[in-house]
Amino acid sequence: VQLQASGGGLVQPGGSLRLSCAASGSIRSINVMCWYRQAPGNQRELVTTIATGGSTNYADSVKGRFTISRDNAKNTVFLQMNSLKPEDTAVYYCYGNIIYRAVGGDFRRDYWGQGTQVTVSS
């Protein structure tokens with residue numbers, strides 16, 4: 001099982017970006033999926049979460065600007081980021097709590113994507 005994130009880049013303040021993170025492998029189901037971010041010199045922080053049923057939570061710093069969504073059929077989570085600010089600059093990581101098939105049965109584990117750089121600058 002692996003998570004592959006994409007969609008980062010350079011954008012001007014006030015602009016938008018859409019991140020994607022696709023899970024692949026012997027997946028039975030995915031529980032919560034999240035986006036975290038880490039700016040230089042800072043700890044990794046939780047940005048937003050989405051449960052299997054679609055309920056969401058957001059950090060106060062991104063409420064009203066970011067929207068998380070998921071496509072359970074494609075094992076993919078998205079992050080739509082609008083009204084971007086320079087302080088949103090960070091490496092963004094996706095996370096999934098995944099139940100996977102293996103010899104001996106089904107198992108559950110936490111998985112992380114490789115990170116995608118988002119830079120907000122004029």
Side-chain angles (χ1 to χ4, degrees):
V1 175
Q2 59 179 336
L3 296 180
Q4 181 69 42
S6 61
L10 172 65
V11 64
Q12 292 187 340
S16 299
L17 280 175
R18 188 179 192 233
L19 307 183
S20 300
C21 178
S24 61
S26 299
I27 297 169
R28 291 280 285 170
S29 63
I30 303 178
N31 298 318
V32 65
M33 301 190 80
C34 309
W35 287 96
Y36 286 75
R37 67 186 181 187
Q38 186 168 18
N42 290 355
Q43 290 186 337
R44 190 172 298 189
E45 64 171 349
L46 177 62
V47 177
T48 179
T49 68
I50 185 166
T52 306
S55 60
T56 59
N57 284 287
Y58 296 91
D60 288 343
S61 59
V62 306
K63 279 181 182 176
R65 300 187 299 120
F66 290 11
T67 302
I68 189 171
S69 61
R70 63 191 286 172
D71 183 335
N72 291 331
K74 297 182 178 179
N75 293 327
T76 302
V77 64
F78 305 96
L79 182 62
Q80 178 66 43
M81 304 184 293
N82 298 329
S83 303
L84 282 161
K85 305 175 181 179
E87 52 263 44
D88 295 318
T89 296
V91 177
Y92 283 70
Y93 298 90
C94 57
Y95 158 92
N97 181 257
I98 297 175
I99 299 174
Y100 63 96
R101 292 184 292 269
V103 175
D106 294 344
F107 302 89
R108 187 171 69 178
R109 224 197 83 174
D110 298 332
Y111 288 90
W112 292 89
Q114 82 284 10
T116 183
Q117 177 70 48
V118 172
T119 303
V120 184
S121 175
S122 55

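The shown structure was predicted, so the numbers you read here are calculated from the model rather than taken from an experiment. Residue indices begin at 1 and follow the sequence shown.
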Mind running side chain to side chain contact (heavy atoms under 4.5 Å, CB included) on V11 and T119 for me, showing each step along the way?
CA-CA 6 Å; V11 64; T119 303; over 6 Å; no

Are any of the side-chain heavy atoms of L10 and S121 separated by less than 4.5 Å?
yes

Quick note, disulfide bond (SG atoms under 2.5 Å apart) partners involving residues 61-122, not counting sequence neighbours, are C21-C94

Walk me through whether F66 and W35 qualify under ring-ring contact (aromatic ring centres under 6.0 Å, His included).
CA-CA 11 Å; F66 290 11; W35 287 96; over 10 Å; no

Is there a path from V32 to V47 through hydrophobic residues (I, L, V, M, F, W, Y) whose side chains come within less than 4.5 Å of each other?
no

If you measure from OG1 on T67 to CG on N82, what distance do you get to the nearest 0.5 Å?
6.5 Å

Atom pair OG (S69) and CD (Q80), whose distance is rounded to the nearest 0.5 Å
8.5 Å

Under the 3.5 angstrom rule, does the side chain of R70 hit a backbone N or O of I50 as a donor-acceptor pair?
yes

For a 4.5 angstrom cut-off between non-hydrogen side-chain atoms, does V120 reach Q12?
no

I want to check something: taking the side chain as every heavy atom from C-beta on, are I99 and I27 in contact at a cut-off of under 4.5 Å?
no

Do you reckon V62 sits in the same ILVMFWY cluster as L84, going by side-chain contacts under 4.5 Å, direct or chained?
yes

State whether the side chain of Y58 and the backbone N or O of T49 hold a donor-acceptor pair below 3.5 Å, judged by distance alone.
no

List the atom of G54, the atom of T56, and the distance in Å for their closest heavy-atom pair.
O-CG2, 3.3 Å

Separation between CG (N97) and CD1 (I30), nearest 0.5 Å, reads 9.5 Å

Examine distances only and state if a side-chain atom of Q2 and a backbone atom of S24 form a donor-acceptor pair shorter than 3.5 Å.
no

Flag if over 12 foreign heavy atoms under 6.0 Å of CZ, R108
no

Any sub-3.5 Å donor-acceptor pair from R28's side-chain atoms to I98's backbone N or O?
no

All pairs passing side-chain hydrogen bond (donor to acceptor under 3.5 Å, both in side chains) where residues 83-94 contributes a residue, at least two apart:
R37-D88, R37-Y92, R65-D88

Can you list every pair that meets disulfide bond (SG atoms under 2.5 Å apart) and has a residue in residues 64-93, with sequence neighbours left out?
none

With rounding to the nearest 0.5 Å, note down the distance linking CG in L79 to CD1 in I68.
6.5 Å

Please walk me through it: do L46 and Y95 pass side chain to side chain contact (heavy atoms under 4.5 Å, CB included)?
CA-CA 10 Å; L46 177 62; Y95 158 92; over 6 Å; no

Write down the atom of T52, the atom of N72, and the distance for their closest heavy-atom approach.
O-ND2, 3.3 Å

Value rounded to 0.5 Å, distance of CD in Q4 from OG in S20
11.0 Å

Does the side chain of Y100 pick up a donor-acceptor pair with the side chain of D106 at under 3.5 Å?
no

V1-M33 co-clustered via ILVMFWY side chain contacts under 4.5 Å
yes

State yes or no: do Y111 and F78 share one hydrophobic cluster built from I, L, V, M, F, W and Y residues joined by side-chain heavy-atom distances below 4.5 Å, directly or via other members?
no

Close side-chain approach of V118 and V91, heavy atoms under 4.5 Å
no

Between the main-chain N or O of N57 and the side-chain N or O of T48, is there a donor-acceptor pair closer than 3.5 Å?
yes

Could you tell me if R109 sits above the aromatic ring of F107, with its cationic atom closer than 6.0 Å to the ring centre and no more than 45 degrees from the axis?
no

